[in-house]
Amino acid sequence: MSVTVETAARTAPAAVIVAIDGPSGTGKSSTSKAVAAKLGLSYLDTGAQYRAITWWMISNGIDIDDPAEIAVAAAKPVIVSGTDPSAPTITVDGEDASGPIRTQDVTSKVSAVSAVPEVRALITQLQRDIAAGAGQGIVVEGRDIGTTVLPDADLKVFLTASPEARAARRSGEIKGADVTATKEALIKRDAADSGRKTSPLAKADDAVEVDTTELTLDQVIECVVTLIEEKRAAK
């Protein structure tokens, strides 16, 4: 009986922590969820957490243009993220926030809220706790995962794509969206995220860069799955 147990322990896939970073429209969410589901890993959309705290700030009358006011309020909301890749959830103070956090109002204000150091410190710790509790491993997607949140991740992937491709994809997700306006908004968001002093959007030195401009979603998924399987085999 002990031989069977030992064999199972040797052949069980190694738990891996995977960080997938990159700007909006590169396919982070679709890729991350599909990869996690395919490999039996947990999944965390860190951007949803920043959207959630932004939505709470807006709903509670916090002045988004006042970093000091945001900093004081940052610890008040209770944000809980479900990590099932087939049905990820997010609640704020027990209320389902999955719909409200995707509004244009939240999208236009999330960079300002995310730039406040006190917000980043709280959300970063939340993300680290979730990753540490993922026994089978986890795919964590965001903008500063490989550089700040999980610098010791087993695998770091940085997804990129041309502004035109990203705008086309994002416009396709939003009914009636104007591609040109979407492209301008993405470029503005990139500048804000890359230029902030605290945990800017950046590629980690040891990250594998994948340009998704000319790739189908299935091709990107297969690429990342292969990279993870290689890391698992080496552990």
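No side-chain heavy atom of Arg51 sits under 4.5 Å from any side-chain heavy atom of Thr46. For the pair Val106 and Ile58, the minimum side-chain heavy-atom distance is below 4.5 Å. Put simply, the side chain of Val140 reaches to within 4.5 Å of the side chain of Leu150, judged on heavy atoms. Side chains of Ile79 and Ile90 form a contact here, defined as non-hydrogen atoms less than 4.5 Å apart. Counting heavy atoms from C-beta on, the side chains of Val210 and Val157 come closer than 4.5 Å. Counting heavy atoms from C-beta on, the side chains of Thr54 and Ile101 never come closer than 4.5 Å. When side chains are defined from C-beta on, Lys28 does not count as touching Lys33, because their heavy atoms never get closer than 4.5 Å. Side-chain contact between Val113 and Tyr50 is absent, with no heavy atoms from C-beta onward closer than 4.5 Å.
With rounding to the nearest 0.5 Å, the separation of OG1 in Thr148 from CZ in Arg128 is 7.5 Å. Atom CD of residue Glu229 and atom CG of residue Leu39 lie 6.0 Å apart, to the nearest 0.5 angstrom. We find the OG1-CD1 distance between Thr226 and Ile221 to be 11.5 Å, quoted to the nearest 0.5 Å. From Lys203, atom NZ reaches atom CG of Leu201 across 12.5 Å, with rounding to the nearest 0.5 Å. With rounding to the nearest 0.5 Å, the separation of CG in Asp205 from OG1 in Thr147 is 10.0 Å. With rounding to the nearest 0.5 angstrom, the CH2 atom of Trp55 is 13.0 Å from the CZ atom of Arg102.
Checked against salt bridge (charged side-chain N to carboxylate O under 4.0 Å, His left out), Asp105 has the following partners two or more places apart in sequence or in another chain: Lys109. For Glu164, the salt bridge (charged side-chain N to carboxylate O under 4.0 Å, His left out) test picks out Lys183, with sequence neighbours left out.
Contact between Ile70 and Val116 at its shortest, heavy atoms only, is CG2-CG2, 3.8 Å. Scanning both residues, Ile53 and Pro77, for their nearest heavy atoms gives CG1-CG, 4.0 Å. Across every non-hydrogen atom of Asp154 and Ala15, the tightest pair is OD2-O, 4.1 Å. Minimum heavy-atom separation, Val139 to Ile20: CG1-CD1, 3.7 Å. Smallest separation of non-hydrogen atoms from Ala165 and Thr213: CB-CG2, 4.0 Å. The shortest heavy-atom contact between Leu159 and Pro23 is O-CD, 3.5 Å.
Side-chain heavy atoms closer than 4.5 Å link hydrophobic residues (I, L, V, M, F, W, Y) into clusters, and following such links, possibly through other members, connects Leu215 to Leu217. Taking hydrophobic clusters as Ile, Leu, Val, Met, Phe, Trp and Tyr residues chained together by side-chain heavy-atom distances below 4.5 Å, Ile130 does not share a cluster with Val18. No single ILVMFWY cluster, assembled from side-chain heavy atoms under 4.5 Å apart, contains both Ile138 and Phe158. Cluster annotation: Ile145 and Leu126 are assigned to the same hydrophobic cluster (Ile/Leu/Val/Met/Phe/Trp/Tyr, side-chain heavy-atom contacts under 4.5 Å, transitive). Ile123 and Val80 sit in two unconnected hydrophobic clusters of ILVMFWY residues. Membership requires side-chain heavy atoms under 4.5 Å apart, directly or through other members.
Thr31 places no side-chain N or O within 3.5 Å of a backbone atom of Val220 that could act as its donor or acceptor partner. When atom types are taken as modelled, the side chain of Thr216 and the backbone of Gln219 share a donor-acceptor pair closer than 3.5 angstrom. Distance alone, capped at 3.5 Å, places no donor-acceptor pair between the Lys231 side chain and the Val16 backbone. In terms of modelled atom types and a separation under 3.5 Å, the side chain of Asp21 and the main chain of Asp144 share a donor-acceptor contact. Judged purely by atom type and a 3.5 angstrom limit, Arg166 has no side-chain atom pairing as donor or acceptor with the backbone of Thr26.
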Yes or no on side chain to side chain contact (heavy atoms under 4.5 Å, CB included) for Ile62 and Trp56, after CA distance, side-chain angles and deciding distance? CA-CA 9 Å; Ile62 305 301; Trp56 183 91; 4.2 Å; yes
Yes or no on salt bridge (Lys or Arg N to Asp or Glu O under 4.0 Å) for Asp206 and Lys156, after CA distance, side-chain angles and deciding distance? CA-CA 7 Å; Asp206 54 347; Lys156 302 173 187 178; 3.1 Å; yes
Between Met57 and Asp63, is the side chain to side chain contact (heavy atoms under 4.5 Å, CB included) condition met? List the steps. CA-CA 8 Å; Met57 296 278 177; Asp63 184 356; over 6 Å; no
Stepwise salt bridge (Lys or Arg N to Asp or Glu O under 4.0 Å) test for Arg143 and Asp45: CA-CA 10 Å; Arg143 287 171 166 74; Asp45 175 1; over 6 Å; no
Side chain to side chain contact (heavy atoms under 4.5 Å, CB included) for Thr160 and Thr212? Distances and angles first, verdict last. CA-CA 6 Å; Thr160 64; Thr212 69; over 6 Å; no
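Counted by atom type alone, Glu141 and Ser29 present one or more donor-acceptor pairs between their side chains at under 3.5 Å.
Of the candidates Val149, Asp129, Val119, Val149 is the only one forming a side chain to side chain contact (heavy atoms under 4.5 Å, CB included) with Thr124. Partner of Tyr43 under the side chain to side chain contact (heavy atoms under 4.5 Å, CB included) criterion, out of Ser86, Ser81, Ser32: Ser32 alone.
Atom CD of Gln136 has 12 or fewer neighbouring heavy atoms from other residues, nucleotides or ligands inside a 6.0 Å radius.
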